[in-house]
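Everything on this sheet refers to the single structure shown next.
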Amino acid sequence: MTSVLFSPIRLADLELPNRIVVSPMCQYSADDGVASDWHMTHLGMLANSGAGMLVVEATHVERRGRITHGCLGLYSDACEEALERVVLHCRHIGTAKLAIQLAHAGRKASAQRPWEGAKPLSEAEDAWPTIGPSALPFGPGWHTPRAMTEDDMAHVSASFTDAAKRSVNVGFDAVELHFAHGYLLHSFISPLSNKRNDAYGGSFESRMQFPLGVVRSVRAVVPRRIPLGARITGTDWVDGGLTADDAVAMGKALKAAGVDYIDVSSANITPESRWPTDPGFNVPAAERVRHECGLPVRAVGMITNAKQAEAIVAEGRADMVALARAFLDDPHWAWHAAQTLDADVARPIQYARTAPKLWPGAALRG
Ligand SMILES: Cc1cc2nc3c(=O)[nH]c(=O)nc-3n(C[C@H](O)[C@H](O)[C@H](O)COP(=O)(O)O)c2cc1C
């Protein structure tokens with residue numbers, strides 16, 4: 001059997017050795033946006049997971065765009081220098097290509113870390129004012145964001161563009177934009193969070209106007225050889241919210257604005273958003289975006305085992321799969337998937353003796 005999951009894929013001028021991606025995962029372990037030793041350890045480990053690509057967590061383009069006090073940022077020279085050290089480290093010791101997810105938390109900013117409660121910060125916890133498409137809080141008890149003016153939009157767009165330039169300087173192989181999970185760009189697109197009655201609200205096209213402007217500005221500074229991706233929402237999982245039809249429309253608009261690939265995730269636009277937990281729950285939306293938009297698509301969400309991942313790609317439902325929790329649970333997930341699918345995978349020379357061909361124990365592992 002020849003594995004499709006372990007076959008290469010090209011995104012712009014970047015070739016990935018396989019279709020397995022480590023999904024972006026916030027670590028809440030930065031100091032004023034600056035990566036710490038934890039990032040060296042965490043990302044260094046996952047750079048050796050066998051995945052073709054490792055996406056660095058949501059990295060915020062301005063200070064007030066961070067979800068928590070511990071979120072990663074790329075809005076200062078200190079942020080850039082620290083990330084450059086992490087990237088050099090991962091390249092030196094690891095095998096995965098490196099992408100960065102650029103984000104702005106919008107009305108979901110100024111929150112506690114998950115282990116502190118994930119609630120909005122109080123004044124005593126150094127809360128900061130948030131911004132959004134409309135003066136509507138994420139949910140009861142959340143900070144009411146200030147509805148953004150055109151000057152705010154120009155400022156945020158410039159922050160995304162500066163962070164994209166810094167990402168290229170740092171040497172990332174790919175840049176991704178966060179258009180999902182209720183954060184700023186998603187909140188402009190969803191009718192649940194965007195109640196504007198100017199040129200940036202109302203119809204789908206108007207709600208897309210600001211986010212698409214961000215994409216065009218970012219594309220202008222990310223050379224064509226470097227793939228630009230976007231993580232979108234396949235559905236809001238709330239009545240009256242975005243659906244898979246909107247995901248297809250988003251995919252087409254993003255493609256026209258210069259995006260090279262789409263990741264289809266979902267949920268989290270409001271606290272009422274309840275998403276399924278069955279295996280591959282975002283795959284149906286990903287499949288539609290792939291077939292109806294004609295650009296490479298990555299599926300994410302409850303993809304946990306090698307045969308399931310292989311089937312998603314082999315059946316043409318997605319071009320790549322991203323896994324998050326499965327990689328935290330097993331940082332060598334792709335080594336074990338390669339063993340199951342009888343495929344080759346890169347591993348560091350120091351660990352070469354764990355390859356199934358050299359270690360009879362691999363066949364006995366439970
Ligand atoms: C600890 C943790 C942090 C996460 N942080 C991010 C993030 O920074 N950006 C993002 O788009 N998704 C984030 N997610 C969502 C994951 O990327 C992924 O979409 C989700 O966990 C579903 O995939 P899974 O079933 O493979 O875990 C995070 C998930 C986890 C578990």
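One-based numbering along the sequence shown. Indexing begins at 1, ligand by ligand and atom by atom, following the structure's order. A quick note: this is a predicted structure, and the numbers were derived from the prediction, not measured.
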Is a side-chain donor or acceptor of Arg231 paired with a backbone partner of Glu176 at a separation under 3.5 angstrom?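 Not at all, since once roles are kept as given, no pair shorter than 3.5 Å links the two residues.
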
Could you tell me the residue and atom name of the protein heavy atom closest to [atom], and the distance to it rounded to 0.1 Å?
atom	result
atom 2 (C) of ligand 1	Met25 CG, 3.7 Å
atom 9 (N) of ligand 1	Gln101 OE1, 2.8 Å
atom 22 (C) of ligand 1	Gly301 CA, 3.8 Å
atom 1 (C) of ligand 1	Cys26 O, 4.0 Å
atom 12 (N) of ligand 1	Arg231 NH1, 3.1 Å

N/O of [X] under 3.5 Å from N/O of ligand 1, yes or no?
X	result
Leu323	no
Met302	yes
Arg325	yes
Tyr28	no
Ala326	no

Members besides Tyr261 in its Ile/Leu/Val/Met/Phe/Trp/Tyr cluster (side-chain heavy atoms under 4.5 Å):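 Other cluster members: Ile9, Leu11, Leu14, Leu16, Val21, Met53, Val55, Met320.
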
Proximity to ligand 1 by part of Gln27, non-hydrogen separation under 4.0 Å: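 Neither; nothing of Gln27 gets under 4.0 Å from ligand 1.
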
Using a 6.0 Å cut-off, check whether atom CZ of Arg365 has over 12 heavy atoms from anything other than its own residue.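 Yes, enclosed.
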
Atom CD1 of Ile349: over 12 foreign heavy atoms under 6.0 Å: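 Open.
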
Enumerate the atoms of ligand 1 whose separation from the nearest heavy atom of His178 is less than 4.0 angstrom.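 So the answer, numbered in order with elements, is 9 (N), 10 (C), 11 (O).
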
Among all residues two or more places apart in sequence or in another chain, which pass the ring-ring contact (aromatic ring centres under 6.0 Å, His included) test with Phe138?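 If we apply the ring-ring contact (aromatic ring centres under 6.0 Å, His included) test to Phe138, skipping adjacent residues, the hits are Trp142.
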
Under a 3.5 Å threshold, yes or no: a donor from one side chain and an acceptor from the other, between Glu125 and Ser122?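 Their side chains do contain a donor-acceptor pair, which is all the 3.5 Å distance test asks for.
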
Regarding Asp162 and Ser159, is there a side-chain donor-to-acceptor distance under 3.5 Å anywhere?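 Looking only at side-chain atoms, Ser159 and Asp162 do not form any donor-acceptor pair under 3.5 Å.
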
Any Lys/Arg nitrogen of Asp319 or Arg10 sitting under 4.0 Å from an Asp/Glu carboxylate oxygen of the other?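 Here Asp319 does not pair with Arg10 in a salt bridge, since their nearest N and O are not under 4.0 Å apart.
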
Salt bridge check: are Asp245 and Arg288 linked by an N-O gap of less than 4.0 Å?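 Yes.
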
Nearest neighbour of atom 28 (C) of ligand 1 from the list Ala324, Pro24, Ser23, on a heavy-atom basis: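 When every heavy atom of Ala324, Pro24, Ser23 is considered, Pro24 comes closest to atom 28 (C) of ligand 1.
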
